[in-house]
Amino acid sequence: MQAPDVNAFLRHHIRTVPDWPAPGVQFRDITPLLQNPQVFHVMIDAFVHRYMGRDMRPDVVAGLDARGFIIGAVIAYQLKVGFVPIRKKGKLPFTTVEETYELEYGSATVELHADAVKPGDRVLLVDDLIATGGTMMAGKKLLEKLGASVVEGAAIVDLPELGGSQRLKDAGLPLFTLVDFAGH
């Protein structure tokens, strides 16, 4: 499949749930991508093929809580590199570093084990979608606190009208997404 075909194929399997979790929100549900083995395989292969070359290959894949764990862990496995979870505050048992970021309705904090990456590690940062970009930006800052370099942020879905992808690009983070829902 060529990239546009992959985009259309995956888009067809993303469910839109109107008015969830609030009126006016068009929620992009990726669970159908995970439920169908053929679709899941195509999605993971699209990421793996991008990152298997020497210039894009990470040393570590970091996944953002929680759907980034599903995608990121499989990508790391296929690339034969380590995986580290970036969790919501209070979920990791060892010494952590943390980053707080703003949400529309308050703030949230994510954490990473202090020994999760080493200075100089090249990290691929993965989540399911980019909305406002707050979670991915916090993940990037956490990894950089530990001396790692985030080579790219990757997600299945970009919601560009919410401004997150532009915010991340403006902060110097290259992005790769498989599907965007511009204007929806």
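Since the structure is predicted, the reported quantities are computational estimates derived from the model, not experimental observations.
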Check side-chain hydrogen bond (donor to acceptor under 3.5 Å, both in side chains) between Glu152 and all other residues, then give those that pass, not counting sequence neighbours.
->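 Residues passing side-chain hydrogen bond (donor to acceptor under 3.5 Å, both in side chains) with Glu152: Arg50, Tyr51.
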So, the side chain of [X] versus the backbone of [Y]: is there a donor-acceptor pair under 3.5 Å, distance only?
X	Y	answer
Arg11	Asp180	yes
Glu111	Gly90	yes
Asp29	Thr16	no
Asp121	Val123	no

Exercise. When Glu98 is tested against each of Lys145, Lys89, Lys141 for side chain to side chain donor-acceptor pair (under 3.5 Å), which residue passes?
Worked result: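 Only match with Glu98 under side chain to side chain donor-acceptor pair (under 3.5 Å): Lys89.
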Minimum heavy-atom separation for [X] and [Y], please, with both atom names.
X	Y	result
Leu162	Ala131	CB-O, 3.5 Å
Gly106	Glu102	O-OE1, 3.2 Å
Val126	Gly72	CG1-N, 4.0 Å
Ala154	Leu124	CB-CD1, 3.9 Å
Ala116	Leu112	CB-CD1, 3.6 Å
Leu125	Lys140	CD2-N, 3.6 Å

Report yes if some heavy atom in the side chain of [X] is under 4.5 Å from a heavy atom in the side chain of [Y]; otherwise report no.
X	Y	result
Ile71	Ile44	yes
Phe47	Leu178	yes
His113	Val84	no
Val97	Leu146	yes
Val39	Leu10	yes

Co-members of the apolar cluster containing Phe27 [side chain, <4.5 Å]: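 Besides Phe27, the cluster holds Val17, Trp20.
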*Connected-component partners of Leu92 among ILVMFWY, side-chain separation under 4.5 Å*: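 Hydrophobic cluster check, Leu92: no partners found.
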State yes or no: do [X] and [Y] share one hydrophobic cluster built from I, L, V, M, F, W and Y residues joined by side-chain heavy-atom distances below 4.5 Å, directly or via other members?
X	Y	value
Ile30	Ile75	yes
Val81	Phe83	yes
Val151	Leu175	no
Leu129	Val25	no

Distance from [X] atom [atom1] to [Y] atom [atom2], nearest 0.5 Å?
X	Y	atom1	atom2	result
Asn36	Thr31	CG	OG1	12.0 Å
Leu33	Ile14	CG	CD1	5.0 Å
Ile156	His13	CD1	NE2	13.0 Å
Gln166	Lys169	CD	NZ	6.0 Å
Lys88	Asp65	NZ	CG	4.5 Å
Leu64	Arg87	CG	CZ	11.5 Å

May I have the step-by-step check of side chain to side chain contact (heavy atoms under 4.5 Å, CB included) for Tyr101 and Met137, ending in yes or no?
CA-CA 8 Å; Tyr101 61 100; Met137 183 67 75; over 6 Å; no
Counting only heavy atoms not in Arg67 (residues, nucleotides, ligands), do more than 12 fall under 6.0 Å from its CZ?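 Count not over threshold, so no.
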Side chain to side chain contact (heavy atoms under 4.5 Å, CB included), that's the test. Do Leu79 and Val48 meet it? Break it down for me.
CA-CA 7 Å; Leu79 292 174; Val48 170; 4.0 Å; yes
Go through the steps to decide whether Ile86 and Leu142 satisfy the test side chain to side chain contact (heavy atoms under 4.5 Å, CB included), and finish with yes or no. CA-CA 9 Å; Ile86 298 176; Leu142 275 178; 3.8 Å; yes
(Q) For Met43 and Leu34: C-alpha separation, side-chain torsions, deciding distance, then whether side chain to side chain contact (heavy atoms under 4.5 Å, CB included) applies. (A) CA-CA 9 Å; Met43 178 186 69; Leu34 307 175; 4.0 Å; yes
